[in-house]
Amino acid sequence: MTTYTATKSDDDIWQIGDVTLHSRFLLGTAGYPSPQVLHEAIVAAQTQIVTVGLKRTLAAAGDNGFVAIVRQAMSETGARLLPNTAGCRTAREAVQLAQMARELYDTPWIKLEVTGDEHTLQPDPFELLAAAGQLVREGFTVFPYCTDDLVLCRRLMDAGCPLLMPWGAPIGSGQGLLNPYALRTLRERLPDATLIIDAGIGAPSHAAQALEMGYDAVLLNSAVAQARAPAAMAHAFRLAIEAGRGAWRAGVMAVQDFAVASTPVGGEPVLLGGAT
């Protein structure tokens, strides 16, 4: 009997440009009760990418040590910083903030967010696409936070985005993957694209589901930051993400519309126990 054993040579890596990654867990840094709790969560997640909202940081006029603790955790874990344009409403505003983030953090990476609706915080597809095109031309590596609309996703890739970050549900809602059909369609129609579920994930099972569907990674924040024990929750998410990816690689069975007996029944009857 052949058994499966995970070894270092079996490492499941992925790429963003020329950057090689092994963690498929991207973690946000907003809303934690203290810098120390945030540090513990980053370490427990074993993430290689952490996001920071530049607009929120600038508005804080003194971040109470959160940015410093993010940098400390990054130096300890080797994680990379992904600034984001959360809070922007227009392409022009998002581009300006991205340019500022590149100067402050010395990275061409930018998570591009352009909000179009105040209630759902749904991305504005028109402003998002306009901003993405301009930033790509300026040499940025754009991580666009978008909806699960296939046509928009194709346009963003045509504009030069190296990956896509479709939402699972409205940001911060914790509702999980509300439209699995649309997400499966994206994965099937864009088989070679790097796809990261961003927003709406509330429980480790949601993250596992995304990876089981073939998504490359997940980004989440509130589900960890708002947990009773954020570091413990970050650890739980890490395990769920690893399990989901392992299940996808192993091959999740196809869903059937009818019962299929695991042990075939037919042929000669089998008598269990002694004769009576």
Side-chain angles (χ1 to χ4, degrees), residues 12-17 21 23-26 28 49 51 82 84-85 109-117 120-133 135-136 141-221 223 237 240-241 243-255:
D12 181 29
I13 61 175
W14 59 300
Q15 298 279 141
I16 298 177
L21 302 163
S23 171
R24 296 174 182 272
F25 185 2
L26 288 68
I49 300 176
T51 66
L82 176 62
N84 69 60
T85 64
W109 283 15
I110 190 72
K111 181 192 171 190
L112 180 60
E113 299 186 38
V114 187
T115 301
D117 181 78
T120 64
L121 300 181
Q122 180 172 328
D124 184 319
F126 305 103
E127 296 294 310
L128 180 68
L129 184 56
L135 290 172
V136 167
T141 301
V142 179
F143 294 57
Y145 167 56
C146 56
T147 63
D148 51 22
D149 183 271
L150 175 60
V151 175
L152 171 61
C153 288
R154 281 177 166 162
R155 295 293 182 267
L156 288 167
M157 295 190 69
D158 291 342
C161 297
L163 55 84
L164 302 167
M165 304 184 77
W167 67 353
I171 192 167
S173 69
Q175 297 181 64
L177 309 186
L178 286 184
N179 194 343
Y181 170 79
L183 294 174
R184 288 194 187 96
T185 299
L186 276 185
R187 182 69 286 174
E188 292 169 1
R189 299 299 297 275
L190 303 174
D192 299 322
T194 296
L195 302 178
I196 301 172
I197 293 291
D198 179 15
I201 289 178
S205 57
H206 301 155
Q209 180 186 8
L211 273 291
E212 288 170 3
M213 291 168 61
Y215 276 75
D216 296 281
V218 297
L219 190 157
L220 58 96
N221 185 157
F237 267 104
I241 290 164
R245 179 64 181 179
W248 180 83
R249 296 181 72 197
V252 179
M253 69 171 286
V255 176

Nearest heavy-atom neighbours spanning [X] and [Y]:
X	Y	answer
Leu152	Thr147	CD2-OG1, 4.0 Å
Thr141	Pro162	CG2-CG, 3.7 Å
Gly174	His206	O-CE1, 3.6 Å
Phe143	Met165	CB-SD, 3.5 Å
Val136	Cys161	CG2-N, 4.2 Å
Asn179	Asp148	CB-OD2, 3.7 Å

### Query
Can you check whether Thr85 reaches Ile110 side chain to side chain, under 4.5 Å on heavy atoms?
yes
### Message
Could you tell me if the side chain of Met213 sits less than 4.5 Å from the side chain of Val252, heavy atoms only?
### Response
no
Is a side-chain N or O of [X] found less than 3.5 angstrom from the main chain of [Y], in a donor-acceptor match?
X	Y	value
Asp124	Val114	no
Arg187	Leu190	yes
Arg24	Asp216	yes
Trp14	Thr194	no
Thr185	Tyr181	yes
Thr115	Pro123	no
Tyr215	Leu183	yes

### Task
Start with the C-alpha distance between Leu178 and Trp167, add both sets of side-chain angles, then the distance that settles side-chain contact (heavy atoms from CB on, under 4.5 Å), and finish with yes or no.
CA-CA 9 Å; Leu178 286 184; Trp167 67 353; over 6 Å; no
### Message
Is there a side-chain contact (heavy atoms from CB on, under 4.5 Å) between Leu219 and Phe25? Walk through the geometry before answering.
### Response
CA-CA 6 Å; Leu219 190 157; Phe25 185 2; over 6 Å; no
### Task
State plainly whether the residues Arg155 and Asp149 are in salt-bridge range, i.e. N to O under 4.0 Å.
no
#### Entry: Check against side-chain contact (heavy atoms from CB on, under 4.5 Å), Glu113 and Leu121
CA-CA 10 Å; Glu113 299 186 38; Leu121 300 181; over 6 Å; no
